[in-house]
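Quantities reported herein were computed from a predicted structural model and do not represent experimental measurements.
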Amino acid sequence: MGSAAPLFIPAEEVERHLHRASLLLPGLEAALADFSAGAAGGVVQPVRTVVPVRRHGGFLGVMPAYSAAEDALTTKLVTFYEHKQGSAVPSHQAAVLLFDPRNGTLKALLDGSVITAKRTAAVSAIATKLLMPPSAEVLCILGAGVQAYSHYDIFMELFSFKEVRIWNRTKENAEKFANSVDGPVRVCSSAQEAVSGADVIITVTMATTPILFGDWVKPGAHINAVGASRPDWRELDDELMKNSVLFVDSREAALTESGDVILSGAEIFAELGEVLQGTKPALPEKTTVFKSLGMAVEDTVAAKFVYDSWSASN
């Protein structure tokens with residue numbers, strides 16, 4: 001008898017089992033702390049391998065990881081393409097392969113796009129919980145794509161903002177966002193208008209040059225910088241990068257992959273996992289930037305959560 005065929009878990013099933021990204025918070029906080037603990041933490045995760053598809057203006061990323069705490073082994077395959085305005089094809093598409101770590105058998109293939117959106121937003125929420133000013137009232141989102149929606153959902157669940165603002169290069173996409181989410185969102189005509197006086201700022205754009213500038217940002221604000229995942233792409237200008245306390249998910253990845261970090265020469269203060277471990281302070285009274293690149297172990301935690309939830313209900 002051959003081994004059973006691997007399970008395929010499509011996007012709608014991933015969404016059903018991961019209906020709230022906050023379900024991932026305990027596992028992700030533990031994984032971030034384990035990652036920053038080095039070998040003792042039991043997370044094995046190389047910096048992602050990126051294959052350029054120059055002919056078509058795209059990239060293929062390969063992101064393997066093993067977590068000893070979860071006893072889970074995964075690889076995510078993710079493509080990202082700079083599509084023309086209005087393209088029906090998402091800029092990011094992904095699949096996560098979940099293996100049995102005991103024998104290497106492929107247990108499941110999961111749609112990775114929902115996992116990527118949910119785990120990225122959950123990690124931003126963890127950073128915000130630690131780093132935002134204590135009386136944060138105004139949330140600003142720059143960008144109106146998939147990550148804007150996933151961030152909005154978990155931030156509305158976990159935090160109490162009195163005002164939410166959004167800006168997008170294409171205003172109709174910002175208006176569509178504002179009309180389709182639960183709760184009032186103010187559409188701003190410029191990034192500067194959206195950012196001015198905001199306590200928490202989320203950048204989730206496909207920008208390759210800065211769209212957020214230090215002289216716009218309120219002292220003591222917290223920024224989650226989620227876009228600009230290539231070494232020559234930027235979302236934040238030098239002034240903001242150099243005059244903020246900089247937190248990252250992975251030092252090694254940030255110094256290899258983040259144009260905001262590499263090109264500004266900004267000094268990394270801490271990994272998020274070090275704050276969660278208690279080995280580095282959070283400094284919420286300062287202006288803070290969390291540069292999120294996304295880590296493979298985050299996909300591992302999310303994929304195992306979905307697989308275990310699916311198994312329990314079947």
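Using cut-offs of 30° and 60° for the angle between ring planes, the Phe80 and Phe59 rings count as parallel.
At least one donor-acceptor pair closer than 3.5 Å links the side chain of Arg48 to the backbone N or O of Gly294. The backbone N or O of Ala33 lies less than 3.5 Å from no partner atom in the side chain of Ser36, so there is not a single donor-acceptor pair. For Asn168 (side chain) and Lys171 (main-chain N/O), no donor-acceptor pair under 3.5 Å exists by modelled atom type. For the pair Ser150 (side chain) and Ala117 (backbone), a donor-acceptor distance under 3.5 Å is present. Glu70 places no side-chain N or O within donor-acceptor distance of the main-chain N or O of Lys304, the cut-off being under 3.5 Å. Counting only distance, with no hydrogens or angles, the side chain of Glu257 and the backbone of Pro231 share no donor-acceptor pair below 3.5 Å. Not a single donor-acceptor pair under 3.5 Å links the side chain of Ser244 to the backbone N or O of Leu246. A distance-only check finds no donor-acceptor pair linking the side chain of Thr170 to the backbone of Asn173 [under 3.5 Å].
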For this session: Please test Trp167 against Gln192 for side chain to side chain contact (heavy atoms under 4.5 Å, CB included), starting from the C-alpha separation and ending with a verdict.
Result: CA-CA 9 Å; Trp167 169 84; Gln192 184 173 1; over 6 Å; no

For this session: Carefully, step by step, assess Gln93 and Val78 under the rule side chain to side chain contact (heavy atoms under 4.5 Å, CB included).
Result: CA-CA 6 Å; Gln93 300 177 77; Val78 56; over 6 Å; no

Exercise. Could you go step by step and tell me if Leu139 and Ile202 meet the side chain to side chain contact (heavy atoms under 4.5 Å, CB included) rule?
Worked result: CA-CA 8 Å; Leu139 172 67; Ile202 303 169; 3.8 Å; yes

Exercise. Given Ile211 and Arg169, is the side chain to side chain contact (heavy atoms under 4.5 Å, CB included) satisfied, shown in steps?
Worked result: CA-CA 10 Å; Ile211 46 94; Arg169 277 205 171 112; 3.2 Å; yes

Exercise. Could you walk me through whether Thr105 and Asn103 pass the side chain to side chain donor-acceptor pair (under 3.5 Å) check?
Worked result: CA-CA 6 Å; Thr105 302; Asn103 57 26; 2.8 Å; yes

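The pair Lys291-Glu271 fails the salt-bridge criterion, with no side-chain N (NZ, NE, NH1 or NH2) lying under 4.0 Å from an Asp/Glu carboxylate O. Using a cutoff of 4.0 Å between basic side-chain nitrogens and carboxylate oxygens, Glu298 and Lys118 are not scored as salt-bridged. Between Glu157 and Arg20 there is a salt bridge, since at least one side-chain N of the basic residue sits less than 4.0 Å from a carboxylate O of the acidic one. Between Glu193 and Arg186 there is a salt bridge, since a side-chain N of the basic residue sits under 4.0 Å from a carboxylate O of the acidic one. Taking 4.0 Å as the cut-off between side-chain N and carboxylate O, Asp299 and Lys76 count as a salt-bridged pair.
Met241 and Ile201 fall within a single hydrophobic cluster, where Ile, Leu, Val, Met, Phe, Trp and Tyr side chains are chained together by heavy-atom contacts under 4.5 Å. Grouping the Ile, Leu, Val, Met, Phe, Trp and Tyr side chains by contacts below 4.5 angstrom, directly or via other members, places Val43 with Leu25. Leu283 and Leu272 fall within the same hydrophobic cluster, defined by Ile, Leu, Val, Met, Phe, Trp and Tyr side-chain heavy atoms under 4.5 Å apart, directly or through other members. Note: the hydrophobic cluster containing Tyr81 does not contain Met63 (ILVMFWY, side chain heavy atoms under 4.5 Å, direct or indirect links). Side-chain heavy atoms closer than 4.5 Å link hydrophobic residues (I, L, V, M, F, W, Y) into clusters, and following such links, even through other members, never connects Val96 to Leu109.
Counting only residues at least two apart or in different chains, ring pair (Phe, Tyr, Trp, His ring centres under 6.0 Å) contacts with residues 256-307 comprise Phe247-Phe269.
Atom CG of Asp182 has 12 or fewer heavy atoms from other residues, nucleotides or ligands within 6.0 Å. Enclosure of atom CD in Glu12 by more than 12 non-hydrogen atoms of other residues, nucleotides or ligands within 6.0 angstrom is indicated. Within 6.0 Å of NZ on Lys286 lie no more than 12 heavy atoms contributed by other residues, nucleotides or ligands.
Minimum interatomic distance between Pro210 and Arg234 (heavy atoms only, all atoms of both residues): CD-CB, 3.7 Å.
Qualifying ring-ring contact (aromatic ring centres under 6.0 Å, His included) partners for Tyr149, counting only residues two or more places apart in sequence or in other chains: Phe177.
With a 4.5 Å cut-off on side-chain heavy atoms, Glu239 and Phe213 do not count as touching. Residues Phe159 and Val200 form no side-chain contact, since every pair of their non-hydrogen atoms from C-beta on lies 4.5 Å or further apart.
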May I have the list of side-chain donor-acceptor pairs in residues 215-224 shorter than 3.5 Å, sequence neighbours left out?
{"unit_1": "Lys218", "atom_1": "NZ", "unit_2": "Asp199", "atom_2": "OD1", "d": "2.6"}
{"unit_1": "His222", "atom_1": "ND1", "unit_2": "Thr288", "atom_2": "OG1", "d": "2.8"}
{"unit_1": "His222", "atom_1": "NE2", "unit_2": "Asn224", "atom_2": "OD1", "d": "2.9"}
{"unit_1": "Asn224", "atom_1": "ND2", "unit_2": "Thr128", "atom_2": "OG1", "d": "2.8"}

